Amino acid sequence: MSHDQDIHPFAVHNTDHQDFNLSEYQGLLNELNQQVRQQQPKDLLQFCSQFFLKKLEMERAQHRGSGSGSGTYSAFSPFGNQGEPMYEDQEGLDKDEARDGVSDLQKMHLASLAGRGRRTSVSAESLQPTSTHDFVKTVIPKTDEQRERIRAAIGNNFLFKNLDEEQYIDVVNAMVEKLVVSGTKVIEQGGVGDYFYIVESGTLDCLINGSKVTEYTAGGSFGELALMYNAPRAATIVATSDSVLWALDRVAFRMILMENTARKRRMYDSFLAEVPIFKSLEPYERHKIADALEPIQFDDGQVVIKENDVGENFYLIEQGNAVFYKTAPDGAQQEVNRLSKGDYFGGKSRWMDTTLGDLLLMSLFTVSHLLELALLNDRPRAATVVADGRLKCVTLGKKAFTRLLGPVMDILQRNSENYHAILKQANQ
Ligand SMILES: Nc1ncnc2c1ncn2[C@@H]1O[C@@H]2COP(=O)(O)O[C@H]2[C@H]1O
């Protein structure tokens with residue numbers, strides 16, 4: 001196939017083209033026709049573009065899978081098969097994705113929807129990244145002032161953090177400005193995914209089955225799930241004040257942002273699910289934390305945080321050990337604790353002020369919960385933390401920590417029947 005045909009797979013270049021199949025073309029148009037009639041999409045062009053892109057990706061997946069089957073997810077009901085997605089042909093999936101557990105992520109996503117009593121289906125291409133080859137870059141002309149506003153809006157958003165220069169330019173070029181007045185439903189639960197949104201200004205509520213689950217302000221983003229999984233919109237997003245949004249169409253989102261986002265979410269989800277503080281979070285809440293995590297490594301003996309420094313970061317140990325030292329009155333460094341995989345530290349915690357004897361008397365449960373409470377306090381580090389061997393951590397900046405885990409008190413309440421006792425102890 002020529003490159004030209006790759007971009008326009010249904011174009012007729014000349015009448016004696018051997019591969020051209022009129023009935024296939026008509027079949028496609030009939031199918032599209034039927035879907036348009038059934039779904040009556042608001043954004044017709046976007047819908048058609050999605051339809052053809054999906055077909056194209058299915059066809060490419062087939063080629064990639066050395067002709068072995070469709071390589072696509074079948075549309076299914078998550079409840080018809082004990083909530084388990086079924087692959088029509090696991091072989092046909094991109095091998096890395098299959099190995100890296102895309103299916104798990106998808107199950108997780110479905111489970112979170114299923115948990116909310118929703119029926120949904122995930123269609124063919126989900127999480128198959130759009131290939132660069134097929135990507136026709138969208139360029140929507142913008143003033144310098146608009147470019148500057150986009151820069152400010154995405155500057156604090158984790159999903160945009162690791163873009164290279166070209167990707168950054170592509171994102172800015174593709175964005176469309178949307179002004180919405182208070183009360184506008186930007187996304188409707190159950191609807192078809194067209195855009196991913198970043199908030200420049202204003203406020204919006206996110207509702208699932210009519211109940212508010214979160215809200216968005218400047219720098220926030222939403223609407224990625226339906227684009228990543230080809231699933232119906234999982235929530236309704238409604239503006240609670242006049243807002244300025246930047247919208248990225250589905251193709252550009254999948255092309256530029258999806259892979260990294262999906263990779264991080266699947267990489268950290270099972271890990272986060274095992275960390276006590278995050279256990280009781282909803283899968284989607286863990287996804288948001290995964291978006292914000294940054295990996296960091298320390299060599300044996302390297303100081304991670306220093307006693308009395310003002311700390312900004314929260315650390316979660318992925319691999320290795322960290323040793324905690326406090327300076328004794330005679331200046332000697334006294335080992336007071338040792339943490340390993342799944343443990344976390346950062347900010348001043350009361351337990352760091354206690355003696356080793358006290359620590360041993362406390363249950364592990366109490367220690368970890370006191371630590372969680374202390375993370376919200378802005379106090380200097382109470383101990384020096386040193387890597388014992390190679391130490392792999394992920395960190396969350398203080399801002400992200402408070403934004404994402406500000407409702408830590410809620411989490412504690414969910415986790416702990418001893419909440420009030422712990423709170424009292426922590427405040428003494
Ligand atoms: N708890 C949640 N579950 C699912 N989606 C959520 C949740 N909280 C916020 N959202 C966002 O709401 C959006 C609705 O559209 P999407 O399903 O495309 O993507 C969804 C997420 O970006």
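A quick note: this is a predicted structure, and the numbers were derived from the prediction, not measured. Start at 1 and go down the list; that is how both ligands and their atoms are numbered.
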Heavy atom to atom 2 (C) of ligand 1, shortest distance: which of Tyr284, Phe196, Tyr197, Phe253 holds it?
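When every heavy atom of Tyr284, Phe196, Tyr197, Phe253 is considered, Tyr284 comes closest to atom 2 (C) of ligand 1.
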Out of Gly190, Ala234, Gly223, whose heavy atom is nearest to atom 4 (C) of ligand 1?
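Heavy atom nearest to atom 4 (C) of ligand 1 belongs to Ala234.
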Pairwise distance CD1(Ile150) to NZ(Lys142) - rounded to 0.5 angstrom
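Spacing of CD1 (Ile150) from NZ (Lys142) equals 5.0 Å.
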From CG (Asp170) to CE (Met255), nearest 0.5 Å
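Between Asp170 CG and Met255 CE, I get 8.0 Å after rounding to 0.5 Å.
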Any Tyr216 heavy atom less than 4.0 Å to ligand 1:
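For ligand 1, residue contact (heavy atoms, under 4.0 Å) with Tyr216 is present.
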Is the Lys NZ or Arg CZ of Lys178 less than 6.0 Å from the centre of Tyr195's six-membered ring, within 45° of the axis?
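Yes, Lys178 and Tyr195 form such a contact.
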At less than 4.0 angstrom from any non-hydrogen atom of [X], what atoms of ligand 1 do you find?
X	answer
Ile237	12 (O)
Ile208	1 (N), 2 (C), 3 (N)
Cys206	8 (N), 9 (C), 10 (N), 12 (O)
Ala235	12 (O), 14 (C)
Phe222	22 (O)

Would you say [X] has any N or O atom under 3.5 Å from an N or O of ligand 1, going by distance alone?
X	answer
Thr214	no
Arg233	yes
Ala226	yes

So does Ala226 get a backbone contact from the side chain of Arg233, meaning a donor-acceptor N/O pair under 3.5 Å?
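Between the backbone of Ala226 and the side chain of Arg233 there is no qualifying donor-acceptor contact (under 3.5 Å).
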Could you tell me whether a side-chain N or O of Asp343 sits under 3.5 Å from a main-chain N or O of Ser340, the two making a donor and an acceptor?
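Checked: pair present.
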Per-pair distances, 0.1 Å, donor-acceptor, side chain in residues 288-296, under 3.5 Å, sequence neighbours excluded:
residue, atom, partner, partner atom, Å
Asp291, OD1, Arg265, NE, 2.9
Asp291, OD2, Arg265, NH2, 2.7
Glu294, OE2, Lys161, NZ, 2.9

How are the rings of Phe222 and Tyr197 set relative to one another: parallel (under 30°), tilted (30 to 60°) or perpendicular (over 60°)?
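Ring orientation of Phe222 relative to Tyr197: parallel.
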Using the test side chain to side chain donor-acceptor pair (under 3.5 Å), find all partners of Gln39 that sit at least two apart in sequence or belong to another chain.
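Listed in chain order: nothing, the list is empty.
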Between Glu224 and ligand 1, which residue portion shows a heavy-atom distance shorter than 4.0 Å: side chain, backbone, both, or neither?
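Both backbone and side chain of Glu224 come within 4.0 Å of ligand 1.
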